[in-house]
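Notes to accompany the following structure.
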Amino acid sequence: MLDPRLFRGELDNTAAQLARRGFELDVEAIARLETERKAVQVRTQELQSERNQRSKAIGQAKAKGEDVQPLLDAVADLGDKLKQAEEQLSALQDELGAILMGVPNIPDESVPDGKSEEDNVEVRRWGEPAVFDFEPLDHVDIGQRLGGLDFDAASKLTGSRFAVMSGPLARLHRALIQFMLDLHTTEHGYRETYVPYIVNSDSLRGTGQLPKFEEDLFALQGEHDYYLIPTAEVPVTNLVREEIVEAAQLPLRFAAHTPCFRSEAGSYGRDTRGMIRQHQFEKVELVQIVHPEHSFEALEALTGHAEVVLQRLGLPYRLMNLCAGDIGFSACKTYDLEVWLPGQGKYREISSCSNFRDFQARRMQARWRSPEMKKPELVHTVNGSGLAVGRTLVAILENYQQADGSVIIPDALHPYMAGIRVLRPGEV
RNA sequence: GGAGGGUUGGCUGAGCGGUUGAAAGCACCGGUCUUGAAAACCGGCAUGGGUUAAUAGCCCAUCCAGGGUUCGAAUCCCUGACCCUCCGCCA
C-alpha cells in the first residue's frame, strides 16, 4: 500500500510515476473522494466533539445532583445526525481504501522504462552455456530416458501441472533443498524458518496477493478463509505483521523451504510441457526485514545470495533488471535470475528478488523502533527465491546431460546424494 | 467434540457506565548526583487519523474484531476470532 498522503499532496506526481508501469490512477475520482472525505470527516468529528462535551456535562451535573433533563433534551437529535455522518464517512473511507489497496507500488528510479519482459535490461551474465556435441534434450525427454519423472501418474492422481518424482531423481530434488538451505543458513546469515503452508486472508493482504489476485490462489473450503501459500514470502514476511521490531534486531533474515501452490489461472497454454510451471512446486525463499535506508543494499546482497546457488551448481545464468511494466504489484524494483536451459535454448526465470520498500510493511503495520525517532517507523521488506527448486532440477538435468542419456551430479550436491555421482538410464 | 477461563499501552498488570487514553511496575529517553558507571531522586514516554507550514497546538478514534443498549461504554448485551485449562479423540 502506498502512503495515503501521496493521494492528497502529490496525486499528479504519483499518477505519473505509476503510469511508468502501465497503471492508470483515476486521479479525478480520487481527488473528488478526497475532497468529500475531508468535509465529511471534519463534520463528523465536530459532531463527535459536541457529543463528548455534552455527555461530560451531563455526568458532571448528575454528580452535583442537578436536574439533567434539560441537558438530555438538548442532545436529543444529536445522535441521529452523528450516526448519519459516521455512516457517510465510513462509506467514503471504504471506497478510498478499496482504491488504495488496488494501487501497485511506485517503481524505483533505477527501474528501466518498458512495457513487457522484452524491455528488461540485462545487468550481468555468469558462466558459459555448454556446447554439446549432440542435440541436447529438454528435461521431459531426459526424465523419460532416466525414469523417475512421471507426469502421467500425476495427472491420474490430480490433474495437469503436477509431477511425480521417484528414486534418485526424487533424492536429487530433495538434495537441492538441503543444499540451498544449508548454504543460506551457514554462509549467508539467514535463520532457518519453518512456517505454515496455509495462511489466512490477513496475511495475503499484508504481502499484497489480496485483494487483487485472489484468482491466482488456491482457497480452502470450510469455515475459515484459508488459502494455500503461493510462496513462503507470505507466511515468513507476515511474521512481523503488527509487530514493532527493536532497532538492534534489524536486519532480520529468514530462509524457509516450503511448497508453493499457484492456480496459474490465465497461463493456459503456457509452459504446459514439463515442470517449468506447476500448481505445486518447492522453493527456498529468502526474506529480509530491514532498516528503511538499507533496503536497496539488502536487495543487492540477497540477489547475490541467490546467485551463489547457481554458481556453486555451475549453472550459467543472467541477471535482469525488470522494467517498470514487468515488475510485480508490490515491488518497487525486481531482479530476475534467469538460468540457461539448453533444452529450450533460452534463459528462463529461476529466481525473482524484489525490494518492496514500505509497501508491504504499511499493509502489515510492520514497524521498528528507531532510537532517534519517538515513533515507530515502517520497516522495509526484501525477498527473493534462493531458488525455485523444481526449475533448478530442470536446469541440472538439461545442463549436465550426456550423450548416453545420463546426467552428472554437480559436486556441490555430493554430500546429499549418498554416493550417487551420475544418474543413468535404467538405474534411476 | 464437551465444559470452563481469558484477550487492556513495547512488556507485566489495575480498572465502580460519567474529566480513565486509561493506575502501578518494568523497559526506554532526558536531567540531578558521580572522576565515570551503577544506585537513588526528578521529569518524559501509546497508536492511528483530521486540521496545520509544523514532528507546535487543537480535535477525533482506538482497551481482540463486528454489531447493540445509553446523553455517555475498557466497563452492560449479542455474534465472531484467537489463546489457556480439563475431558474425549488423534499423528
Side-chain angles (χ1 to χ4, degrees), chain A residues 1-11 30-31 33-101 194-206 210 220 222-227 235 238-250 252 289 292 358 361-379:
Chain A
M1 192 166 82
L2 295 178
D3 190 334
R5 276 173 289 219
L6 293 175
F7 276 20
R8 309 207 250 270
E10 295 179 60
L11 191 51
I30 292 169
L33 284 168
E34 260 302 318
T35 309
E36 208 178 335
R37 189 225 89 230
K38 190 179 280 194
V40 173
Q41 183 159 356
V42 168
R43 181 175 141 74
T44 305
Q45 293 189 351
E46 280 168 1
L47 287 168
Q48 285 169 329
S49 179
E50 186 183 345
R51 179 205 57 196
N52 290 347
Q53 286 174 27
R54 288 180 181 274
S55 294
K56 198 174 276 185
I58 291 171
Q60 287 167 342
K62 233 179 178 175
K64 290 186 210 153
E66 295 168 6
D67 178 19
V68 295
Q69 195 53 48
L71 293 172
L72 287 174
D73 294 343
V75 292
D77 64 330
L78 193 58
D80 287 341
K81 279 200 282 187
L82 180 57
K83 190 165 187 180
Q84 202 192 340
E86 280 174 338
E87 279 168 4
Q88 204 183 344
L89 178 61
S90 102
L92 282 167
Q93 283 174 330
D94 286 352
E95 204 173 337
L96 274 165
I99 292 175
L100 193 52
M101 285 297 274
Y194 172 82
V195 290
Y197 303 158
I198 294 173
V199 292
N200 58 35
S201 58
D202 285 340
S203 293
L204 287 158
R205 256 188 296 278
L210 288 180
L220 269 54
E223 48 185 323
H224 298 287
D225 62 338
Y226 285 170
Y227 298 81
N238 273 279
L239 285 169
V240 293
R241 172 153 56 85
E242 289 155 56
E243 298 290 334
I244 299 176
V245 182
E246 293 303 326
Q249 291 182 284
L250 293 178
L252 295 172
I289 310 298
D358 60 9
R362 184 172 293 103
R363 288 172 165 237
M364 294 191 296
Q365 279 305 299
R367 294 166 297 172
W368 69 292
R369 198 177 294 284
S370 154
E372 304 88 57
M373 304 292 265
K374 295 192 277 192
K375 300 194 168 199
E377 295 187 294
L378 295 171
V379 297

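Order of the sequence lines sets the chain letters (A, B, ...), proteins ahead of strands, with each chain counted from 1. Owing to the predicted nature of the structure, the values given are computational and were not obtained by experimental measurement. Quick note: numbers below take in every heavy atom, side chains included, and nothing from hydrogens, waters or symmetry partners.
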Is there a side-chain contact between A:Arg54 and the phosphate of B:rU70, meaning an N or O under 4.0 Å from OP1 or OP2? no
Across the strands shown, which category fits A:Arg37 at heavy-atom distances under 4.0 angstrom: base, sugar-phosphate, nothing? sugar-phosphate
(request) Would you please confirm or rule out a distance under 4.0 Å between OP1 or OP2 of B:rC60 and any side-chain N or O of A:Ser49? (result) yes
In Watson-Crick or G-U wobble terms, with both distances under 3.5 Å, the base opposite B:rA22 is none
- request: Give a yes or no answer on whether the side chain of A:Ser49 reaches the backbone of A:Gln45 with a donor-acceptor pair at less than 3.5 Å.
  value: no
| Do A:Lys62 side-chain and B:rG18 base share a donor-acceptor contact under 3.5 Å? | yes
Check your understanding: Okay, side chain of A:Glu10, backbone of A:Phe7: is any donor-acceptor separation there less than 3.5 Å?
Key -> no
Go through the steps to decide whether A:Gln69 and A:Asp73 satisfy the test side chain to side chain donor-acceptor pair (under 3.5 Å), and finish with yes or no.
CA-CA 6 Å; A:Gln69 195 53 48; A:Asp73 294 343; 3.0 Å; yes
- Query: Which value, in whole Å, describes the distance between the P atoms of nucleotides B:rG10 and B:rU47?
  - Reply: 7 Å
For atom P, what is the distance between B:rU12 and B:rG5, given to the nearest Å?
-> 22 Å
Open item on the list: Taking the basic N atoms (NZ, or NE/NH1/NH2) and the acidic carboxylate oxygens, is any pair closer than 4.0 Å for A:Glu86 and A:Lys83?
Closed with: no
Check this one for me: any side-chain N or O of A:Asn52 less than 4.0 Å away from OP1 or OP2 of B:rA61? yes
Taking a pair to mean Watson-Crick or G-U wobble geometry with both distances below 3.5 Å, B:rC41 pairs with B:rG31
A:Arg367 near the nucleic acid: base, sugar-phosphate alone, or nothing, with a heavy-atom cut-off under 4.0 Å?
sugar-phosphate
Paired to B:rU85 by Watson-Crick or G-U wobble criteria (both distances under 3.5 Å) is B:rA3
By the Watson-Crick or G-U definition, both distances under 3.5 Å, B:rC76 is matched with B:rG68
Taking B:rG72, B:rU51, B:rU47 as options, the one with an atom nearest any side-chain atom of A:Val42 is B:rU51
**Prompt:** With distance as the sole criterion, do the side chain of A:Gln45 and the base of B:rG49 form a donor-acceptor contact below 3.5 Å?
**Reply:** yes
Any strand, both distances under 3.5 Å, Watson-Crick or G-U wobble: B:rG9 pairs with none
- Message: I'd like to know if the side chain of A:Asn200 pairs up with that of A:Ser203 as donor and acceptor (distance under 3.5 Å, no hydrogens or angles considered).
- Response: yes
Checking B:rA61, B:rU52, B:rC59 against the side chain of A:Lys38 (C-beta onward), the nearest is B:rU52
With the side chain defined as heavy atoms from C-beta on, A:Gln60 is closest, among B:rG18, B:rU47, B:rU19, to B:rU19
Need one value for A:Leu72: base, sugar-phosphate or nothing, where a base atom within 4.0 Å counts as base even if backbone is also close, heavy atoms only.
base
If pairing means Watson-Crick or G-U wobble with both distances under 3.5 Å, then the partner of B:rC58 is B:rG50
